[in-house]
Structure formats: structure tokens, C-alpha cells
Amino acid sequence: MPRKVDSGFDYDDDYDVYEDYDYDYDYADDYEVEEKGTAPETKDKQKIGSIGVWRCPICTFDNEDSMSACDICGVLRDPLVKVNTDSHTAAAPFKFNAPSPDDLVSNGLRSMKLKSRGNVLSEKETNILVEPELATKRSLLSERETNIPVESELAIEGPESSSASGTGDKHNGVNEEGSASGSGTERGKSNVVNEEDSASGSGNEPELFDSSMSVQTLSFKSGKAEIISEGKTASISQYNPDTWMIPSKEDDELSQLNLAIVGHVDSGKSTLSGRLLHLLGQISQKDMHKYQKEAKQLGKGSFAYAWALDESAEERERGITMTVGVAFFTSKKYHVVLLDSPGHRDFVPKMISGATQADAAIIVVDASMGSFEAGIDATRGQTREHAQLVRSFGVDQIIVVVNKMDAVGYSKERFDVVKQKLGTFLRSYGFKDSSVVWIPASAMENQNLIASPSDARLSWFKGPSLLDAIDSLKLPARDYSKPLLMPICDVMKSNSQSQVSVCGKLESGAIRTGFKVLVMPSREVAVARSLEKDAQQCKIARAGDSVTVHLQGIEGNSVRAGGVICHPDYPVKVANHLELKILVLDISTPILIGSQLEFHIHHAKEAARIVKISSLLDPKTGKTTKKSPRCLVAKQNAIVEVVLQEAVCVEEYSNCRALGRVFLRVSGRTVGLGVVTQIFNKMED
């Protein structure tokens with residue numbers, strides 16, 4: 001008995017599937033042998049032909065006469081072809097390389113299972129899933145005569161675009177697009193997979209985009225990784241932002257500057273931040289008195305300013321920063337967002353997650369004897385590691401604050417030694433001397449923070465104060481004209497209000513209240529109910545702003561830190577098999593094929609494994625110097641492939657820098673920095 005396809009109908013419980021079959025049927029009465037020896041035809045078939053329908057030979061479904069393929073299983077109407085020979089009609093010889101009807105049914109079933117949920121006809125309130133590929137097949141087949149060869153018909157059944165608007169060029173890959181409401185996109189090249197979804201739903205109910213499932217399943221059949229095409233990049237180039245997304249010259253708001261404060265543990269980062277906030281009026285005298293009193297009770301009076309940012313009980317008890325503290329203040333030129341990063345080596349992943357949002361950085365150095373040397377130590381020094389990470393974030397402007405100058409009597413000689421040793425290291429990692437500002441200071445004694453130093457022992461320094469140095473920084477270019485993209489740094493769930501709040505920095509585009517967003521990798525659509533900047537309600541946030549977005553219409557388990565909020569028509573890619581271009585840092589153990597690593601990208605962290613070392617690169621020219629090396633050692637540049645334990649939101653570095661920078665760590669140490677050069681769609685185990 002032919003298999004039935006479950007098309008989503010709600011059958012009654014008392015319905016018997018065998019009621020449609022008459023077992024007392026006499027087949028002999030149906031056959032009428034014609035005089036000229038033509039193939040016999042049943043009465044049923046003649047009757048069906050007379051009323052303009054034809055019956056599928058596989059699933060027995062009655063299709064309209066205008067359809068060239070079965071609406072249920074996708075089988076062609078005339079799988080066997082008649083060949084005219086001497087005015088006699090005969091069946092074509094059997095083709096061993098042609099698929100059987102069972103194969104055609106299997107292909108039809110598989111294509112129905114792999115289609116996107118975005119093709120569900122919600123407007124008709126039905127559960128029938130429409131196969132969009134059949135429309136293309138029908139239009140192609142109707143233009144051809146019924147006596148075309150079987151091979152020609154099968155050639156037509158290659159991968160077709162499921163988009164209802166526009167047709168793409170035929171290629172050997174899979175071009176999968178949802179029915180987008182925006183402008184058309186260029187098709188990808190051959191042997192690639194173009195995965196694009198679009199959101200066209202309405203209301204606050206979550207919508208699901210599952211087209212990646214079909215791409216992943218098809219990629220397993222190919223047996224080798226396929227590169228995701230640049231079709232999405234072409235569509236982004238055609239993206240036209242609305243007028244409200246571009247800031248106008250009439251806006252009087254100060255530009256936002258995201259400033260990360262990094263450095264070795266106990267160098268005074270939190271104390272410097274707290275003192276600066278207090279001097280600028282961001283911490284009231286009442287709160288400051290409270291911090292001083294509580295710190296003295298625990299015997300840590302010198303930590304009073306640090307407690308303005310280190311708010312948790314564990315941080316205050318241990319006397320170290322464990323998470324990234326966020327604070328705000330306003331200078332003459334910028335609205336500054338301070339990102340106070342932890343300095344202890346155990347919390348470098350937290351530092352990476354927070355400081356990756358930075359536009360510029362302040363590196364705090366302890367000037368006291370022995371402390372500076374410990375910070376730049378090659379094995380455990382966090383000044384060295386933080387400087388490397390900050391540079392890999394794309395930050396090229398830094399302020400080096402040589403703190404605790406009071407501990408060395410504001411010695412110019414000590415300042416010069418620190419500047420010479422640390423400056424050599426910074427230049428080796430790509431920092432230009434013109435982009436580095438050196439400032440001697442003392443946070444505890446308020447020297448050279450917001451005004452010129454008052455201590456005569458620091459009269460030899462003629463440079464700017466810390467606040468003036470911050471105003472001298474230049475903002476990087478903002479991508480206002482690109483689609484919305486915001487990596488999720490933190491997630492807060494409110495059970496009472498049934499909403500989910502996410503924090504992060506807008507890398508591109510803009511968002512406003514009531515705007516629909518796509519949450520990746522869960523692929524669910526939500527609505528931005530409200531926005532907050534600096535704990536203040538706002539209506540619009542643009543690229544470069546650090547915001548809190550309160551989402552509505554989505555469950556909390558569908559949102560996670562390390563995910564991405566993006567434009568519904570321009571989803572980011574999700575993959576676990578990547579090709580990287582990396583720089584190996586100072587390591588003692590070589591990196592081999594099969595080495596286990598910690599993979600960090602924006603706010604996501606996953607376990608990873610090196611599966612291939614493709615080549616070594618010349619550090620100056622970037623050309624390949626050796627193919628398939630056995631291992632990687634310190635200071636080498638290489639192309640490698642990694643497989644992650646779970647898929648992450650990622651983009652190629654050439655398309656999006658924020659989602660294309662990666663950091664590799666092993667046993668609490670950063671061993672490599674790099675960028676994503678290719679994304680493979682094959683999901684590896």
C-alpha cells in the first residue's frame with residue numbers, strides 16, 4: 001500500500017482510513033482492450049480525465065489537470081515517456097540512472113520536512129505546509145512538451161529558491177531564502193550555501209525561523225564543508241536605512257565613548273574609576289561617606305572608592321574586581337561609559353566579554369617597585385595580556401596611566417623606566433606612539449585626574465590631565481547605515497512583568513521603541529518594548545550606544561548572553577565550524593591538531609578543537625610559507641580550522657569586525673588571537 005504523507009490535517013478520531021478502499025472491487029470490469037493494441041485504460045482513469053483531474057500513481061491523490069506534479073508527494077505526472085517509432089507507441093527502455101518512483105516520493109517527503117516554518121500559511125488558519133518548490137517545478141514543466149526525455153525533467157528538479165519573489169540562477173549549491181518583504185538579493189555562487197531568512201509576521205507572538213535546519217541536513221549529504229556565500233553581504237549593500245536611524249546635525253546630544261579600564265590586578269583600576277566619578281559628581285557625598293565607613297569596618301579603608309564599582313559582597317571581601325563594572329560620566333566632549341574590567345587572571349573571560357565593547361582603553365600601571373615588573377611578566381602578567389587583548393578588540397587609542405606615583409615619590413626616572421619598557425611592548429603589538437598618551441597620576445591623592453597636578457613633586461610633567469586626555473580621544477566610525485546588530489552581553493528576566501531585558505552595545509544600525517528584532521541563535525522575533533541608556537528611558541539608540549533593551553513577546557529561555565539581536569531580514573550566521581587566521585602568542589606547548597581550546601568571540605565562550613592546520617603565513621606579507629605544518633609554536637601566523645562544541649553567532653571579519661574577532665585560551669592563558677576568514681555550514685560533532 002502506498003505511503004501517506006501527513007499534511008497537517010486534523011482528522012476526526014472516528015475516521016477510518018480504510019473506508020476509502022472498496023475491497024469488493026472487480027478490476028476486470030474496468031479494462032477495455034482496444035482494437036489497435038494500445039495500453040488498456042481503466043474506467044476510473046477515463047472518468048478522472050474527463051473531469052479535469054489526474055490521480056498520482058504513488059499516493060493516489062487526485063490532482064488538478066493543470067498540475068504537472070503531485071501536490072502531496074511531488075511525483076511528476078508523466079514519469080514514463082512515450083517514444084514515437086514507426087507510428088507505434090511504446091514505453092521507453094528502463095534507465096538505471098533514473099530515479100524510481102519510490103525515490104521521487106522520498107525526495108518529496110524530505111523536501112517537505114526541510115522547508116522553513118516561515119512558509120506556513122498563517123493567514124488561512126490552516127496547518128497545511130505548502131511546498132514552495134512545487135510552484136517553480138510546475139511553471140518550468142508546463143512550458144515543455146509531454147514527450148521530453150526523463151533526463152531533462154530530472155535536471156529541472158535541482159535545488160530551487162523557495163522565495164516567491166524573483167528567481168535565482170541555477171547552481172550546484174543550495175540557495176535558501178525566506179519570503180522577504182524587502183528588496184531582492186543577488187544569488188550566491190556555485191557550490192555554496194546561501195542562507196537568508198526574513199521576518200514578515202505581525203503581533204508580539206514569537207516567530208521561528210528554521211531554515212538553517214535544512215541547510216545543515218543537506219550539508220551532511222555533501223560529505224564536505226561548504227562555504228556560506230556572500231549573498232547576504234550583497235543584500236546588506238542594498239539596505240536602505242530609515243531617516244530616523246541616521247543622527248541629524250541638529251541633535252545636541254554628546255557622542256558616547258565606551259572606555260575600558262584594564263591592567264594588572266591591584267594596579268588601582270577600580271579606585272581610579274571611583275575617584276574620577278566622585279570628582280565629577282557622579283557619586284554623592286552621602287554615598288561616599290557610606291562606602292568609607294563600611295570599608296573601615298572591614299579594615300579596608302583604602303578600598304572605599306573602589307566599592308563604588310565593586311558592589312557585590314564577594315568582591316568587597318576579597319578586595320578584587322570579579323565582573324565588569326559599568327559607570328557613566330560626562331566630559332566636555334563625550335558622554336563616557338566606563339567599563340571597569342577585572343585584573344585577576346582568573347577573570348580574564350569576564351574582561352574579554354566586557355571590554356570587547358570598548359572604543360578606547362585606559363591601561364592602569366602600578367608604578368611601585370616590583371608591581372610594574374609583575375604586570376609585564378611573560379607568564380602571569382596581566383598588563384601584557386590585557387594590552388594584547390585590547391589591541392585585538394580593534395582598539396588603537398589608549399591612555400597609559402602610571403598610577404600610585406606617590407609610592408615612588410613622583411619620580412620622573414621611574415616614570416621614564418615604565419614608559420620605555422611598556423612602550424616597547426606596545427609598539428610590538430601595533431600601537432602607534434601617536435595614539436598612546438602617557439599620564440603619571442595618583443588616584444588616592446587626586447593628582448592629575450581632572451586638573452593639573454598640585455603636588456610640586458609632579459611639576460616636571462607638562463602634559464594633559466586624565467580628563468583632558470579622554471577628551472582628546474577620537475571616536476571610531478559608526479555604522480549607522482547598516483542593519484541592526486547588537487551582541488548580547490547580559491540577560492535579565494522579570495517574572496512579574498513577563499519581559500526579558502538584554503544589555504549590549506549596538507555595533508551597527510539603530511533601534512527604537514516598538515521595533516521588531518530577531519534574537520539569534522534561537523531565531524525568534526520579539527518587540528523592543530522600551531529602551532534605556534545610562535539608566536534613563538530613551539526612544540532611539542544608534543550604533544555605538546550601550547543600551548538595555550526590554551523585549552516583549554519572547555520567553556527568557558530563548559535569550560542568552562553571547563547571542564545577537566539583529567534585523568529580522570538580515571540574520572547573523574550561526575555555525576560551529578570556522579576557519580581562522582590567528583597569531584600565536586608566547587606559548588611553551590605547541591598547538592597540534594586535536595588540541596582543546598577555549599574559544600571566545602564577542603560575549604560567547606565555547607569549547608573548541610583544532611581540526612586542521614592549513615598553512616603558515618609570513619607575518620609581513622601574509623603569503624603562505626608552508627602548507628599543512630605539524631604544529632604551531634610561539635609568534636607564528638597560521639590558518640587553522642576549529643570545531644566548536646556548540647554553534648555561535650558569527651560573521652566573517654571582512655563583513656563584521658565585532659562578530660569576527662576571536663580569542664583562543666588554554667588553562668587560563670591566552671594563546672592566540674585571530675579573525676574569522678571563512679564559515680563552514682557543515683555542523684561537526
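Just so you know, residue 1 is the first one in the sequence shown, and it goes up from there.
Evaluation of the side chain to side chain donor-acceptor pair (under 3.5 Å) rule for N258 yields Q256, D359, S546 as partners, not counting sequence neighbours.
Salt bridge absent: E555 and R560 never bring a charged side-chain N and a carboxylate O closer than 4.0 Å. Taking a cutoff of 4.0 Å between a charged side-chain nitrogen and a carboxylate oxygen, D340 and K269 do not qualify as a salt bridge.
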#### Entry: side-chain contact (heavy atoms from CB on, under 4.5 Å) between L485 and C656, worked out
CA-CA 10 Å; L485 187 65; C656 179; 3.3 Å; yes
### Message
Go through it in stages, so that I can follow the logic: the residues are L580 and V676, the test is side-chain contact (heavy atoms from CB on, under 4.5 Å), and I'd like the CA-CA distance, side-chain angles, deciding distance and then a yes or no.
### Response
CA-CA 5 Å; L580 311 177; V676 178; 3.8 Å; yes
### Query
Going through the distances and angles, do S454 and Q447 end up as a side-chain contact (heavy atoms from CB on, under 4.5 Å)?
CA-CA 7 Å; S454 58; Q447 295 296 320; 3.1 Å; yes
### Message
Let's go through E651 and K482 carefully: what are the C-alpha distance in whole Å and the side-chain angles of both, what is the deciding distance for salt bridge (Lys or Arg N to Asp or Glu O under 4.0 Å) to 0.1 Å, and is it a yes or a no?
### Response
CA-CA 14 Å; E651 289 285 352; K482 291 185 178 181; over 6 Å; no
### Task
Give the intermediate values and the outcome of ring pair (Phe, Tyr, Trp, His ring centres under 6.0 Å) for residues F393 and F663.
CA-CA 10 Å; F393 295 154; F663 317 95; 5.2 Å; yes
### Task
Evaluate the side chain to side chain donor-acceptor pair (under 3.5 Å) criterion for residues E413 and S411: first the C-alpha distance (whole Å), next the side-chain angles of each, then the deciding distance (0.1 Å), finally the verdict.
CA-CA 5 Å; E413 289 74 16; S411 170; 3.1 Å; yes
### Message
Run the side chain to side chain donor-acceptor pair (under 3.5 Å) test on S452 and S465 for me, step by step, so that the C-alpha distance in whole Å, both residues' side-chain angles and the decisive distance to 0.1 Å come before the verdict.
### Response
CA-CA 6 Å; S452 299; S465 64; over 6 Å; no
### Residue pair S371, S368: steps toward the side chain to side chain donor-acceptor pair (under 3.5 Å) verdict
CA-CA 6 Å; S371 298; S368 57; 3.1 Å; yes
### Message
Walk me through whether I362 and I398 qualify under side-chain contact (heavy atoms from CB on, under 4.5 Å).
### Response
CA-CA 6 Å; I362 296 177; I398 60 172; over 6 Å; no
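A donor-acceptor distance shorter than 3.5 angstrom exists from the side chain of Q636 to the backbone of V633, with no hydrogens or angles considered. The main-chain N or O of H289 is never found under 3.5 Å from a side-chain atom of Q292 such that the two would form a donor-acceptor pair. T271 places no side-chain N or O within donor-acceptor distance of the main-chain N or O of G268, the cut-off being under 3.5 Å. A donor-acceptor pair under 3.5 Å is absent between the side-chain atoms of S331 and the main chain of D471, judged by distance alone. R275 places a side-chain N or O within donor-acceptor distance of the main-chain N or O of M444, the cut-off being under 3.5 Å. At distances below 3.5 Å, not a single donor-acceptor pair connects side-chain atoms of D534 with backbone N or O atoms of Q536. Looking at N637, its side chain never comes within 3.5 Å of a backbone N or O of V584 through a donor-acceptor pair. Here the side chain of R661 pairs no donor or acceptor atom with the backbone of I601 at under 3.5 angstrom. Between the side chain of K605 and the backbone N or O of H602, no donor-acceptor pair lies under 3.5 Å.
Nearest heavy-atom pair across C649 and V564 is CB-CG2, 3.6 Å. Among all heavy-atom pairs drawn from H335 and L254, the shortest one is N-CB, 3.9 Å. Heavy-atom minimum distance, I439 versus F461: CA-CZ, 4.2 Å. Contact record, V500 with I554: CG2-O, 3.9 Å, taken as the closest heavy-atom pair. When every heavy atom of V390 is checked against every heavy atom of V262, the shortest pair comes out as CG2-CG2, 4.0 Å. The two residues A360 and L473 come nearest to each other via the heavy atoms CB-CD1, 3.7 Å.
F329 and Y334 have their aromatic ring centers separated by at least 6.0 angstrom. Remark: aromatic rings of W460 and F415 are close, center separation under 6.0 Å.
For the pair I582/L664, a side-chain contact is recorded, criterion being any heavy-atom separation below 4.5 Å from C-beta on. Looking at H550 and T548, their side chains come closer than 4.5 Å, going by heavy atoms from C-beta outward. Residues P440 and N448 have side chains in contact (heavy-atom distance under 4.5 Å, counting atoms from C-beta outward). Two residues are said to be in side-chain contact when any heavy atoms from C-beta on lie closer than 4.5 Å; T321 and L309 fail this criterion. Under the 4.5 Å side-chain criterion, counting only non-hydrogen atoms from C-beta, I450 is not in contact with L466. Counting heavy atoms from C-beta outward, I511 and V517 have side chains that approach closer than 4.5 Å. Counting only heavy atoms from C-beta outward, the side chains of V365 and V401 never approach each other to under 4.5 Å. Considering only heavy atoms from C-beta on, V527 stays 4.5 Å or farther from L551 through its side chain.
In this structure, CD1 on I363 lies 5.5 Å from CG on L426, to the nearest 0.5 angstrom. Atom CD in Q397 sits 10.5 Å away from atom CG in L259 (nearest 0.5 Å). With rounding to the nearest 0.5 Å, the separation of CG in L506 from CG in D545 is 6.0 Å. Taking CZ from F303 and OG from S270, the interatomic distance works out to 9.5 Å, rounded to the nearest 0.5 Å. Atom CD in E598 sits 9.0 Å away from atom OG1 in T670 (nearest 0.5 Å). Distance check, rounded to the nearest 0.5 Å: OH of Y480 to CZ of R542 gives 7.5 Å.
Note on residues 298-323: pairs passing salt bridge (charged side-chain N to carboxylate O under 4.0 Å, His left out), not counting sequence neighbours, are E294-R316, E314-R318. Residue pairs meeting the salt bridge (charged side-chain N to carboxylate O under 4.0 Å, His left out) criterion with at least one member in residues 418-442, sequence neighbours excluded: R427-D433. Screening residues 434-444 for side-chain hydrogen bond (donor to acceptor under 3.5 Å, both in side chains) gives D406-S442 as the qualifying pairs, with residues at least two apart or on separate chains. Counting only residues at least two apart or on different chains, the salt bridge (charged side-chain N to carboxylate O under 4.0 Å, His left out) pairs with a member in residues 383-405 are D366-K404, R384-D586, E385-R665.
For the residue pair H264 and T383, no side-chain donor N or O sits within less than 3.5 Å of a side-chain acceptor on the partner.
Within 6.0 Å of NZ in K412 there are 12 or fewer heavy atoms belonging to other residues, nucleotides or ligands.
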Hey, can you pull the donor-acceptor pairs under 3.5 Å for the side chains in residues 342-358, sequence neighbours left out?
| residue | atom | partner | partner atom | Å |
| --- | --- | --- | --- | --- |
| H344 | ND1 | D346 | N | 3.1 |
| S353 | OG | H603 | ND1 | 3.1 |

